S.K.: 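Below: one structure in structure tokens.
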Amino acid sequence: MTGRVVVVGASMGGLRAAEQLRAAGWAAGITVVGDEPHMPYNRPPLSKEVLAGKAPFESLALTPKAAAADVEWRLGRKAVAARLDERTVELDDGEAIPYDGLVVATGMRPRRLRCPGPLHGRHTVRTLADAQGLRDELTRPHARVVVVGAGFIGCEVAATAVGLGVREVTVVDPLPLPMVGPLGELLGRALLRRHEERGVRFALGAGVAGFEGEDRVTGVVLDDGTVLQADVVVESVGSIANVEWLQDNGLDLSDGVLTDDRLRIGGRPEAVAVGDVARFPNARYDGVPRRVEHWSIPTDTAKHAAKVLVAHLAGAGGEPAPFAPLPTFWSDQHEFRLQSFGAPVLGKDDVRVLDGDPEGDVLVGYHAGGQLVGVVALGGQAAAMGAARYRAQLLKSPALTV
């Protein structure tokens, strides 16, 4: 077997793609390009254990499987353009790497607020350097922290900051409840109560109009004129897909890179996408293309995309099966955990308590057209195990047709 597959993106998705290409039978060259200087590492602990000072970088590093030991890694190098018709990827030093197969795994970067005011003192959490820089700020005496965004990362950072002894932590969000977008009102209210009981303050239903300060942030100005005093600001307001390097190839890049239900991009059998940059239709649900930013997705997409790509490069006949993953996520906040299986966002209009009580440990089911499409547990280990018991049922459910 001859040829080369180029994987653009050296985070978990890129690593899993390289490993799965080998598992699918690709014995020729694999080159992985990534703009960070590090080998792939596990990102979820950044907003929790790393920020809390409980996990060194060495504990986050992901070791490639033995079968992928011969993969070529081009780290600290950025892809700036792709010419899909010519099958080349151009790097930031001008080198053009030819490929037979392409894997797009460039992931996301944090969205930043476009508001007037100083930049110093404003942080995001996406990379190891981000987490290390923010930790240095949170351990300063008498720090006052404002977290903008009450989603997963925002709530995790707020919980970690309180655990570090930060005297004043306030979370700002234009929505009425934390994590109400993915989880709905029932769990949003339960999360709000738990965070407030542990000392986190909230300014909900409010947006950010600007930042006070000269050399660095001293306050956050809300759109109603309220000013929250702040020494540190954490912006957790969503993500932007790293797809600029794919422009001018006739692709739909409006929200990540659009793929078909086999993870191929632009109708090209030699190019696939993996991880949270991929916007794909899930054959398990309604067929609407969506990006999924869960920890399980890099592995799930890599396994399927590698089989699809290697089958094409090897000249195997037949159409591969549609991609139909069961999304999974968890989030540790304070001493409790959110554990989910399925797609709760599709069933937020029909939410039922399956076990427990929102005032304590609770297991919630999300339904669409009367069909269970997702479960979320909130609480301790027993609640998380309760959610896991529904995994087999969700896997066996027929495709959603509503």
Side-chain angles (χ1 to χ4, degrees), residues 3-14 16-18 20-21 26 30-35 74 77-92 94-111 126 238-283 285-294 297-298 300-313 319-325 327:
R4 177 165 299 277
V5 173
V6 172
V7 180
V8 183
S11 191
M12 180 183 285
R16 297 296 181 241
Q20 291 300 324
L21 285 165
W26 180 254
I30 300 174
T31 297
V32 182
V33 177
D35 58 358
R74 303 278 194 94
R77 305 284 294 279
K78 185 176 182 180
V80 296
R83 296 180 176 85
L84 300 189
D85 289 337
E86 301 172 19
R87 298 191 185 183
T88 61
V89 173
E90 182 180 339
L91 304 187
D92 51 4
E95 180 184 4
I97 305 178
Y99 65 80
D100 298 277
L102 174 67
V103 180
V104 176
T106 39
M108 315 298 292
R109 64 183 183 273
R111 187 181 301 277
R126 177 69 182 182
S239 303
I240 300 173
N242 295 316
V243 295
E244 292 82 0
W245 64 282
L246 289 168
Q247 290 177 353
D248 303 322
N249 286 289
L251 302 175
D252 182 342
L253 305 176
S254 56
D255 179 20
V257 55
L258 178 66
T259 79
D260 65 10
D261 60 2
R262 273 76 174 174
L263 297 174
R264 299 171 296 207
I265 68 174
R268 297 174 179 271
E270 78 282 359
V272 295
V274 306
D276 51 11
V277 74
R279 177 162 50 99
F280 60 87
N282 189 333
Y285 301 114
D286 54 9
V288 176
R290 297 181 179 88
R291 288 191 311 99
V292 182
E293 298 185 35
H294 295 339
I297 287 298
D300 291 343
T301 52
K303 186 174 183 179
H304 197 88
K307 291 179 180 178
V308 170
L309 183 56
V310 172
H312 166 70
L313 296 176
E319 181 74 351
F323 185 47

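Note that this is a predicted model, so its numbers are computed, not measured.
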S.K.: Report the C-alpha distance between F323 and D300 in whole Å, list the side-chain angles of each, state the deciding distance to 0.1 Å, and finish with yes or no for side chain to side chain contact (heavy atoms under 4.5 Å, CB included).
M.R.: CA-CA 9 Å; F323 185 47; D300 291 343; 4.1 Å; yes

S.K.: Should V103 and V272 count as side-chain neighbours, where that means a heavy-atom distance under 4.5 Å?
M.R.: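 V103 reaches V272 side chain to side chain.
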
S.K.: For R77, give me all partners under side chain to side chain contact (heavy atoms under 4.5 Å, CB included), at least two apart in sequence or on another chain.
M.R.: V33, R74, L91, D92, D93, E95

S.K.: Check G13 against A302 and note the closest heavy-atom contact, atom names and distance.
M.R.: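 The answer is O-CB, 4.4 Å.
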
S.K.: I need the Q20 CD to K307 NZ distance, nearest 0.5 Å.
M.R.: 7.5 Å

S.K.: Is the closest basic N to carboxylate O distance between R126 and E293 below 4.0 Å?
M.R.: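 Between E293 and R126 there is no salt bridge, as every charged N stays at least 4.0 Å from the carboxylate O atoms.
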
S.K.: Any sub-3.5 Å donor-acceptor pair from R262's side-chain atoms to P320's backbone N or O?
M.R.: yes

S.K.: Show the nearest heavy-atom pair for residues I30 and A18, with the distance to one decimal.
M.R.: CD1-O, 3.8 Å

S.K.: Which atoms form the tightest heavy-atom contact between D260 and F280, and what is the distance?
M.R.: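 Distance-wise, the nearest heavy atoms are O-CB, 4.3 Å.
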
S.K.: What are the two closest non-hydrogen atoms of R291 and D255, and how far apart are they?
M.R.: NE-OD1, 2.8 Å

S.K.: Looking at side-chain heavy atoms only, is the closest gap between K303 and R16 below 4.5 Å?
M.R.: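 The answer is no, as the side chains (C-beta and beyond) never meet within the 4.5 Å cut-off.
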
S.K.: Heavy atoms, side chains only, cut-off 4.5 Å: are D276 and I297 in contact?
M.R.: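 No - every pair of side-chain heavy atoms lies 4.5 Å or more apart.
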
S.K.: Using only atom types and a distance under 3.5 Å, with no angle test, would you say the side chain of N242 pairs donor to acceptor with the backbone of T106?
M.R.: yes

S.K.: Let's go through H312 and E270 carefully: what are the C-alpha distance in whole Å and the side-chain angles of both, what is the deciding distance for side chain to side chain contact (heavy atoms under 4.5 Å, CB included) to 0.1 Å, and is it a yes or a no?
M.R.: CA-CA 7 Å; H312 166 70; E270 78 282 359; 4.0 Å; yes

S.K.: Which heavy atom of A324 sits nearest a heavy atom of N282, and at what distance?
M.R.: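 The pair with the smallest heavy-atom distance is CA-OD1, 3.2 Å.
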
S.K.: Take R279 and D252 through the side chain to side chain contact (heavy atoms under 4.5 Å, CB included) test and state the conclusion after the steps.
M.R.: CA-CA 10 Å; R279 177 162 50 99; D252 182 342; 2.9 Å; yes

S.K.: Taking all non-hydrogen atoms of both residues, which atom of A79 and which atom of V89 are closest, and how far apart?
M.R.: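 Between these two residues, the closest heavy atoms are CB-CG1, 3.8 Å.
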
S.K.: Ignoring hydrogens and geometry, is there a side-chain-to-backbone donor-acceptor pair from N249 to A82 under 3.5 Å?
M.R.: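 Checked: pair present.
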
S.K.: For L253, enumerate each residue passing the side chain to side chain contact (heavy atoms under 4.5 Å, CB included) test, keeping only those at least two apart in sequence or located in another chain.
M.R.: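 Side chain to side chain contact (heavy atoms under 4.5 Å, CB included) list for L253, sorted by chain: V243, L246, Q247, L251, V257.
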
S.K.: How far apart are the C-alpha atoms of L21 and V7, what are their side-chain angles, what is the distance that settles it, and do they pass the side chain to side chain contact (heavy atoms under 4.5 Å, CB included) test?
M.R.: CA-CA 10 Å; L21 285 165; V7 180; 4.2 Å; yes

S.K.: If only atom types and distance count, is the side chain of D100 paired as donor or acceptor with the main-chain N or O of R4 below 3.5 Å?
M.R.: yes

